[in-house]
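A short worksheet on the structure shown next.
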There are 2 protein chains.
Amino acid sequence: MRFQKTTEYAIRVMVFLADHMDERYSANQLHQTLQIPYKYLGRLMQKLSNAGLVEVTQGKQGGYRIIQDLSNIYLSEIVNVVEGLADYGRCVLGFPQCSDENPCSLHKIWKERQESITKMIYDTTLADLQSNGSKKY
Amino acid sequence: MRFQKTTEYAIRVMVFLADHMDERYSANQLHQTLQIPYKYLGRLMQKLSNAGLVEVTQGKQGGYRIIQDLSNIYLSEIVNVVEGLADYGRCVLGFPQCSDENPCSLHKIWKERQESITKMIYDTTLADLQSNGSKKY
DNA sequence: TCTATATTCTACTCAGAGGTAGAAATAAGA
DNA sequence: TCTTATTTCTACCTCTGAGTAGAATATAGA
Ligand code: SF4
Ligand code: SF4
């Protein structure tokens, strides 16, 4: 029960870039600062840029940057790029089809928690996550 | 962000057996009733029995059964048998070391949800999950 | 134009989850 | 005792997430 490692990487990068808007960071800089495997990060960044979440500049002095308004970038978009959103809403017992009427005994207690996390990724934007002052990275 | 498929299987089996205490079910019966791959289920049941969660009888008319008091079997034990509990408490950014002091911007909102799920699996027993009446399976 | 620093593309490797196959061991009951 | 239904053991296979390697492409700036 956790996010995929790649999703963690993606959130790490986006939160970091959000805290350093208007600056470009190369894959190598991000790799060193955020402890993410260099080559792996390259492919991840490509996905994020294809999804329009970061702007990319090639060549010397190039790198990645966020240009969108931070309050328009939701965690759900980041999660979607990496692991997709299909699992949110999944039955805790793994059954494919099951209406909410006449639910099994675990349904209610599980759905509450699941929806709380779903709500979190759909409601939280990078603007909510800016750490003004006390930056750690 | 979801349980492993095998964990779902395990919970399915245990909830089913809890609803049918004092009856033995063979792997084949469970396989057909709960739609879990037969051979795969065999290995899963072995783990559950090694952990003492089910009693097993070999040979003809054999099968699996719960003998413990249902209120003594916590979801956390079931999860532990399959995927372990190490991920509960994991940092949402995947960093290995990070104290709760001077937390990053995501820490609080994430910890709340994570602890809610952790609490669920540590506090819920099979007795809480018995569906008296309206059984679906 | 050339060079250094970037991203991008392609093709691997590795580990673990999920699943399959078949034979061996066990025990109830005819 | 023999048969049959069962678990158990061992060995594979497949798929996906994670990570590595190297060459190709792009571009700022000397
Ligand atoms: S009622 Fe139970 S089986 Fe059906 S979707 Fe909800 S948790 Fe899954
Ligand atoms: S403060 Fe942030 S980085 Fe540190 S453990 Fe909490 S979520 Fe992870």
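Throughout, protein chains are lettered first and strands after them, A, B, ... in sequence-line order, and every chain is numbered starting at 1.
- Contact annotation: side chain of B/R43 to base of C/dG18, donor-acceptor pair absent below 3.5 Å.
- In this structure, CG of B/N28 is placed 8 Å from P of D/dT7, rounded to the nearest angstrom.
- Between B/F16 and B/Y25, the ring-plane angle classifies as perpendicular under the 30° and 60° cut-offs.
- Within residues 82-90 of chain B, no residue is approached by DNA chain D to less than 4.0 Å at the level of any non-hydrogen atom.
- Side-chain polar atoms of A/S26 and A/N28 form no donor-acceptor pair below 3.5 angstrom.
- Counting any heavy atom pair closer than 4.0 Å across all strands shown, B/K39 reaches a base atom.
- Within the 4.0 Å cut-off from OP1 or OP2 of C/dG19, at least one side-chain nitrogen or oxygen of B/Y9 is found.
- Listed nucleotides: D/dG29, D/dA18, D/dT8. Nearest to the side chain of A/T6: D/dA18.
- For A/Q4, counting side-chain heavy atoms from C-beta on, the closest listed nucleotide (D/dT20, D/dA18, D/dT7) is D/dA18.
- Cation-pi contact between A/R12 and B/F95: present, with separation from the ring centre below 6.0 Å and deviation from the ring axis of at most 45°.
- Residue A/R65 contributes atom CZ, which lies 15 Å from atom P of C/dA6 at whole-angstrom precision.
- Taking only side-chain nitrogens and oxygens, A/Q61 never comes nearer than 4.0 Å to OP1 or OP2 of D/dT27.
- Under 4.0 angstrom from either OP1 or OP2 of D/dT7 there lies no side-chain N or O belonging to B/Q46.
- If you check every strand for non-hydrogen atoms under 4.0 Å, B/Y38 touches a base.
- Nearest-nucleotide positions on DNA chain D place A/Y40 closer to the 5' end than the other of A/K60 and A/Y40.
- At a threshold of 4.0 angstrom between heavy atoms, the contacts of B/S49 with the nucleic acid are absent.
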